Amino acid sequence: MKSLSRKEVINVENGEKLGVLGRADLIIDPESGTIKSLVILNDGLIGFGKSRKELTIAWDQIQTIGDDTILLKKS
């Protein structure tokens, strides 16, 4: 997961910058081995305050993981 850190997360539908990844985790379906979602720990995101909430993003919302950004279709 270290390769995801420091990537900026952007909602492509409205251009909103959701923050920069710090710590993240994957939720994997144990039966199929497929990735179900990406969990971003709030204390790793810039601009979300000091609460320790998690942001869970369904894997199918992720359009692209690039060198510097993760583009989401977040509806």
Side-chain angles (χ1 to χ4, degrees):
M1 291 306 295
K2 188 170 184 162
S3 64
L4 292 177
S5 67
R6 300 188 182 210
K7 292 185 187 288
E8 187 166 25
V9 181
I10 299 172
N11 181 343
V12 296
E13 292 180 345
N14 63 10
E16 178 184 6
K17 293 180 180 180
L18 300 174
V20 177
L21 283 184
R23 297 184 320 168
D25 233 341
L26 294 175
I27 296 177
I28 298 173
D29 182 329
E31 292 180 20
S32 68
T34 60
I35 299 171
K36 293 175 66 174
S37 57
L38 173 67
V39 179
I40 302 168
L41 303 177
N42 195 353
D43 60 346
L45 288 170
I46 296 171
F48 276 82
K50 295 189 178 192
S51 64
R52 291 187 162 261
K53 294 182 181 177
E54 296 177 348
L55 174 61
T56 301
I57 300 166
W59 193 252
D60 61 358
Q61 289 179 306
I62 298 173
Q63 286 193 333
T64 303
I65 298 177
D67 290 337
D68 299 318
T69 57
I70 296 175
L71 302 179
L72 301 179
K73 180 180 177 185
K74 189 173 185 221
S75 27

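What you see below is based on every heavy atom in this structure, not just the backbone, and it leaves out hydrogens, waters and symmetry mates. As the structure is a computational prediction, the values presented were derived from the model and not from experiment.
Counting only heavy atoms from C-beta outward, the side chains of Leu26 and Leu38 approach each other to under 4.5 Å.
In this structure, the side chain of Lys73 does not engage the main chain of Ile62 through any donor-acceptor pair within 3.5 Å.
Under the side-chain contact (heavy atoms from CB on, under 4.5 Å) criterion, Asn14 pairs with Asn11, Glu16, not counting sequence neighbours.
To the nearest 0.5 Å, the span separating NZ on Lys7 from CG on Asp67 amounts to 6.0 Å. In this structure, CD1 in Ile10 is found 6.0 Å from CG in Leu71, a value given to the nearest 0.5 Å. Leu72 CG to Glu13 CD: the interatomic distance, rounded to the nearest 0.5 Å, is 9.5 Å. Put simply, NZ on Lys17 and OG1 on Thr69 are 10.5 Å apart, with the number rounded to the nearest 0.5 Å.
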Go through the steps to decide whether Ile27 and Ile35 satisfy the test side-chain contact (heavy atoms from CB on, under 4.5 Å), and finish with yes or no.
CA-CA 6 Å; Ile27 296 177; Ile35 299 171; over 6 Å; no
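The nearest pair of heavy atoms linking Ser37 to Ala58 is CB-CA, 4.0 Å.
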